[in-house]
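What follows is a single structure, written as structure tokens, with notes after it.
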Amino acid sequence: MRYRVEVHADAHTRLKAMAEDVLRGLGTRPRSLPPKYFYDAAGSRLFDEITRLPEYYLTRTEDALLDRLAPALMRALEPRDVVELGSGFSLKTRRLLEARGGGALRYTPVDVDETTVAASAERLLAEDPALQVHAIIGDFERHLVHVPAPSGRRLVLFLGSTIGNLDAPARQALLAQVRSLLHRGDRLLVGVDLVKDVAVLEAAYNDAAGVTAAFNRNILRVVNRSLGADFQPEAFRHHAWYNAAESRIEMHLVPETRQTVHIRSLDLTVRLEPSESIWTESSYKFTRASTRAMLAAAGLRLDAWHTDVDKRFALALAGPTSRAVAARAPRAA
Ligand code: AVJ
């Protein structure tokens with residue numbers, strides 16, 4: 001069997017988690033909804049459209065970096081075990097795996113959407129006879145403990161600036177877990193979007209075609225359908241701006257007029273004033289120094305830093321620091 005799947009978050013569990021998240025998010029101020037709920041089928045399609053927008057440089061810049069980097073990286077590292085957090089369609093992974101030159105390899109995608117993972121695995125397996133897939137269906141913030149013991153040198157992938165959705169405590173918690181998946185010689189490859197000119201950043205989240213606005217409003221459709229809510233998505237204005245003090249793009253949905261929303265599954269009624277937006281996403285932006293510091297706090301050492309010529313996006317390669325050794329080392333006299 002070259003394909004194995006473990007389901008750690010079935011539809012029922014996910015719905016329960018969502019109910020808790022929405023209750024917490026809309027029941028407290030500032031109102032918020034977690035960005036992971038953007039991605040139903042329609043939301044995933046809208047995001048895919050975003051990645052092809054002229055203003056949204058992130059995906060194409062990372063893809064070009066990966067294409068450039070893949071052969072040398074795979075030759076130098078020769079991984080036998082690739083774990084990917086938030087693998088989605090595994091489009092970038094495919095190019096990385098292709099670059100390895102055919103040795104035996106186990107790929108462990110971690111993603112909430114079983115249908116997507118199964119379809120991606122089928123395609124990868126058909127193209128690659130030396131590949132095994134051990135899929136973990138779950139939330140990478142909660143289910144990394146189920147990643148199997150390594151089958152050889154390991155490469156963990158966390159691409160697409162997905163880490164940018166997490167605030168500092170959540171990033172540290174996640175990176176500490178990733179650190180525990182790594183042994184000496186293993187590596188983490190993480191894609192981070194870089195701090196840059198505000199106009200470039202804000203344009204990427206305020207595209208002229210309005211796709212990002214539709215993507216933002218879609219989260220209300222997801223809550224409507226999943227929890228029996230009656231949000232009117234068109235009554236909310238898309239607002240995205242760069243919060244320089246926090247190094248993050250913030251996306252909000254601003255009610256145009258006062259809204260009264262009933263969420264049947266939660267038996268909750270929420271009144272929203274135009275002055276109170278729903279904060280739907282943070283997209284943190286990094287520098288080399290902030291990336292290095294974030295990694296170091298989790299016991300990871302920045303090994304290599306790859307950026308495009310315009311320094312818009314970076315791929316950071318990190319390895320585990322030998323913390324046990326450091327702890328045992330005698331103090332300098
Ligand atoms: C998928 C989290 C990387 O933060 O840029 C795109 C999502 N939101 N446009 C990002 C997103 C609005 C995206 N990530």
Side-chain angles (χ1 to χ4, degrees), residues 8-47 50 58 85-88 110-114 116 136-144 158-175 177-178 192-193 205 212-231 233 236 238-241 243 246-255 259 261 263-266 268 270 272 276-285:
H8 294 285
D10 57 25
H12 175 74
T13 317
R14 277 162 66 185
L15 195 60
K16 248 186 71 189
M18 181 183 190
E20 284 165 18
D21 288 343
V22 171
L23 187 59
R24 194 175 326 114
L26 295 182
T28 56
R29 291 193 168 83
R31 317 272 193 196
S32 65
L33 288 170
K36 61 178 156 199
Y37 299 122
F38 281 127
Y39 303 93
D40 67 343
S44 298
R45 227 167 14 245
L46 286 165
F47 178 67
I50 288 174
L58 287 80
L85 317 189
S87 49
V110 182
D111 199 281
V112 286
D113 185 12
E114 184 170 5
T116 304
I136 305 285
I137 306 305
D139 182 335
F140 57 68
E141 291 189 83
R142 296 171 56 192
H143 299 114
L144 287 191
F158 195 23
L159 300 172
S161 178
T162 306
I163 196 169
N165 270 173
L166 308 178
D167 63 13
R171 285 194 304 263
Q172 289 312 318
L174 182 77
L175 288 174
Q177 285 203 69
V178 169
V192 291
D193 193 21
Y205 295 84
T212 309
F215 173 76
N216 197 4
R217 290 189 191 99
N218 185 63
I219 202 167
L220 301 180
R221 294 201 171 81
V222 173
V223 176
N224 281 352
R225 194 184 53 244
S226 308
L227 301 177
D230 59 0
F231 278 105
F236 291 79
H238 166 72
H239 179 51
W241 65 290
N243 182 337
E246 302 287 346
S247 303
R248 68 186 180 214
I249 287 281
E250 290 186 15
M251 285 213 318
H252 295 261
L253 288 166
V254 187
Q259 301 290 309
V261 182
I263 305 171
R264 205 192 319 120
S265 305
L266 302 178
L268 176 74
V270 190
L272 295 164
E276 289 184 292
S277 64
I278 303 175
W279 187 358
T280 52
E281 183 171 47
S282 293
S283 188
Y284 284 87
K285 308 304 170 188

Can you tell if the side chain of [X] reaches within under 4.5 Å of the side chain of [Y], non-hydrogen atoms only?
X      : Y      : value
Leu175 : Ile163 : yes
Leu85  : Leu144 : yes
Lys36  : Val112 : no
Leu23  : Ile263 : no
Phe38  : Asn216 : yes
Asp167 : Tyr284 : yes
Leu174 : Phe158 : yes
Asn218 : Pro233 : no

Taking atom [atom1] of [X] and atom [atom2] of [Y], what is their separation to the nearest 0.5 Å?
X      : Y      : atom1 : atom2 : result
Asn165 : Glu281 : CG    : CD    : 4.5 Å
Ser282 : Leu166 : OG    : CG    : 10.0 Å
Glu20  : Leu266 : CD    : CG    : 10.0 Å
Leu33  : Asp21  : CG    : CG    : 9.0 Å
Phe236 : Leu220 : CZ    : CG    : 5.5 Å

Say whether, by atom type as modelled, one donor and one acceptor occur between the side chain of [X] and the main chain of [Y] under 3.5 angstrom.
X      : Y      : answer
Thr13  : Ala9   : no
Asn243 : Arg248 : no
Thr116 : Gly88  : no

Hey, mind stepping through Val222 and Leu227 against side chain to side chain contact (heavy atoms under 4.5 Å, CB included) and telling me if it holds? CA-CA 8 Å; Val222 173; Leu227 301 177; over 6 Å; no
Scan Leu253, Thr212, Leu46 and name whichever one has a side-chain contact (heavy atoms from CB on, under 4.5 Å) with Arg217.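 Result: among Leu253, Thr212, Leu46, Leu253 is the only option passing the side-chain contact (heavy atoms from CB on, under 4.5 Å) with Arg217.
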Only one of Glu250, His252, Arg31 clears side-chain contact (heavy atoms from CB on, under 4.5 Å) with Ser277; which?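 When side-chain contact (heavy atoms from CB on, under 4.5 Å) is applied between Ser277 and each of Glu250, His252, Arg31, only His252 qualifies.
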Please determine if Arg221 and Asp40 form a salt bridge, counting it only when a charged side-chain N lies under 4.0 Å from a carboxylate O. no
Considering all heavy atoms, the nearest [X]-[Y] contact:
X      : Y      : result
Asp193 : Tyr205 : OD2-OH, 4.4 Å
Asp111 : Gly86  : OD2-C, 3.4 Å
Gln177 : Phe140 : NE2-O, 4.5 Å
Trp279 : Pro30  : CE3-CG, 4.2 Å
Thr162 : Leu159 : OG1-O, 3.0 Å

Could you tell me how the ring of His143 sits relative to the ring of His8: parallel (under 30°), tilted (30 to 60°) or perpendicular (over 60°)?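 Parallel.
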Are Arg264 and Asp230 close enough, and set up right, to give a side chain to side chain contact (heavy atoms under 4.5 Å, CB included), and what steps lead you there? CA-CA 9 Å; Arg264 205 192 319 120; Asp230 59 0; over 6 Å; no
